[in-house]
J.: 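Before we start, here is the structure in question, set down as structure tokens.
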Amino acid sequence: MKYLTEFVGGKNWGEYAPLMKRLTSWQHWDICLAALRDIKREVLYKSHIHGGGHIERTVLYGSILAMDVCLPPEDLRLLLLCCSYHDIGRVNDLVDDLHGARSAAKAEAITGLSGEELRIVMAAMEYHSVDDRLLEKVMEKHSVTEKDRCVRIAKLLKDADGLDRVRLGLLDVRYLRNPTAPGYKPFAEYVFSLTGNVF
Ligand SMILES: [Fe+2]
Ligand SMILES: [Fe+2]
């Protein structure tokens, strides 16, 4: 079991080589690679299920989904911060709707964001662990004004996180929200087979 950062740009990806070529040739790949390398591992929840391996894969899937929708770089950075730190509020590996809100409460200190960017990230983090129907309510709670940006980032985060449900054998692609996301299930299974449940 290895960390993605050790091989993501160099590995022979076999049948997924065209996908990874597309990603590593994307004009914003540098942002994605920096996000992977800059993950503050010391603040992550220590767990085989929700720890470093899961977080790296979520950043990878977030990058790919963002590429598919041509997410602008300023929003890509926010999305990948969400992917990196959405689970830092975990206190166990159980079903827990409130851990996203606890992650959001730590977002300012860990990301250094402020203003609307911080509000968007906090709302997306909180939303990732609650029912899809609560998005409007969560955005109101965090006083988000740029709601279109927030909705897009929040749904990309949920799908990036959701794709790694393959590690639990619990991914039902019908619940994914972005049109291209379901097609990545086999890729997510492959990536999990390479990386596994590392901390
Ligand atoms: Fe989570
Ligand atoms: Fe997660």
Side-chain angles (χ1 to χ4, degrees), residues 1 3-5 8 32 35-36 38-66 76-111 118 120-135 137-139 141-142 150-173 175-178 181-182 184-185 187-199:
M1 298 303 155
Y3 285 113
L4 260 177
T5 40
V8 68
C32 306
L36 267 177
D38 292 348
I39 293 169
K40 296 174 184 166
R41 294 182 182 276
E42 67 279 8
V43 305
L44 301 182
Y45 181 59
K46 304 289 182 290
S47 151
H48 289 293
I49 299 175
H50 297 101
H54 165 61
I55 294 305
E56 285 193 322
R57 290 188 296 274
T58 305
V59 171
L60 176 64
Y61 306 144
S63 301
I64 291 171
L65 295 173
L76 176 64
R77 286 192 184 87
L78 298 186
L79 170 65
L80 298 184
L81 286 170
C82 290
C83 291
S84 299
Y85 303 118
H86 67 282
D87 278 338
I88 57 175
R90 276 206 165 269
V91 292
N92 56 48
D93 284 318
L94 308 175
V95 174
D96 173 8
D97 280 10
L98 297 179
H99 75 273
R102 289 194 301 270
S103 301
K106 299 179 175 188
E108 183 176 11
I110 285 168
T111 65
L118 177 63
I120 289 172
V121 162
M122 290 179 71
M125 283 183 172
E126 176 159 350
Y127 170 69
H128 101 269
S129 62
V130 299
D131 190 284
D132 276 22
R133 290 167 294 190
L134 295 176
L135 181 52
K137 206 171 157 187
V138 172
M139 288 194 296
K141 175 183 165 183
H142 291 284
C150 188
V151 167
R152 187 138 88 140
I153 289 169
K155 290 186 175 181
L156 288 166
L157 170 64
K158 264 207 177 192
D159 281 2
D161 188 35
L163 278 168
D164 201 36
R165 288 174 66 84
V166 298
R167 74 197 186 288
L168 310 167
L170 288 175
L171 174 58
D172 183 339
V173 296
Y175 289 101
L176 296 173
R177 300 142 195 90
N178 294 275
Y184 294 120
K185 183 179 183 183
F187 175 67
E189 287 167 340
Y190 177 67
V191 174
F192 180 63
S193 75
L194 297 175
T195 52
N197 286 323
V198 286
F199 260 48

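Each ligand, and each atom within it, is numbered from 1 in the order the structure gives.
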J.: Would you call Arg167-Asp164 a salt bridge at under 4.0 Å N-O?
T.: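 Judged by the 4.0 Å cut-off on N to carboxylate O distance, Arg167 and Asp164 do form a salt bridge.
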J.: Cation-pi check for Tyr175 against Arg165: NZ or CZ below 6.0 Å from the six-membered ring centre and within 45 degrees of the axis, yes or no?
T.: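 Verdict for Tyr175: no cation-pi partner in Arg165.
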J.: Measure the acute angle between the ring planes of His128 and His86, then classify it against the limits of 30° and 60° as parallel, tilted or perpendicular.
T.: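 His128 and His86: perpendicular rings.
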J.: Checking Asp97 now: which residues fulfil side-chain hydrogen bond (donor to acceptor under 3.5 Å, both in side chains) with it, not counting sequence neighbours?
T.: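 Here no residue qualifies.
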J.: Between Arg102 and Asp96 (salt bridge meaning N to carboxylate O under 4.0 Å), is one present in this structure?
T.: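 Salt bridge between Arg102 and Asp96, a charged N being under 4.0 Å from a carboxylate O: yes.
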J.: So, do Met122 and Lys106 sit near enough that their side-chain heavy atoms are less than 4.5 Å apart?
T.: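 Not touching, per the 4.5 Å side-chain cut-off.
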J.: What is the number of protein N, O or S atoms that sit under 2.8 Å away from the Fe ion (ligand 1)?
T.: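 Count of protein N, O, S atoms less than 2.8 Å from the Fe ion (ligand 1): 3.
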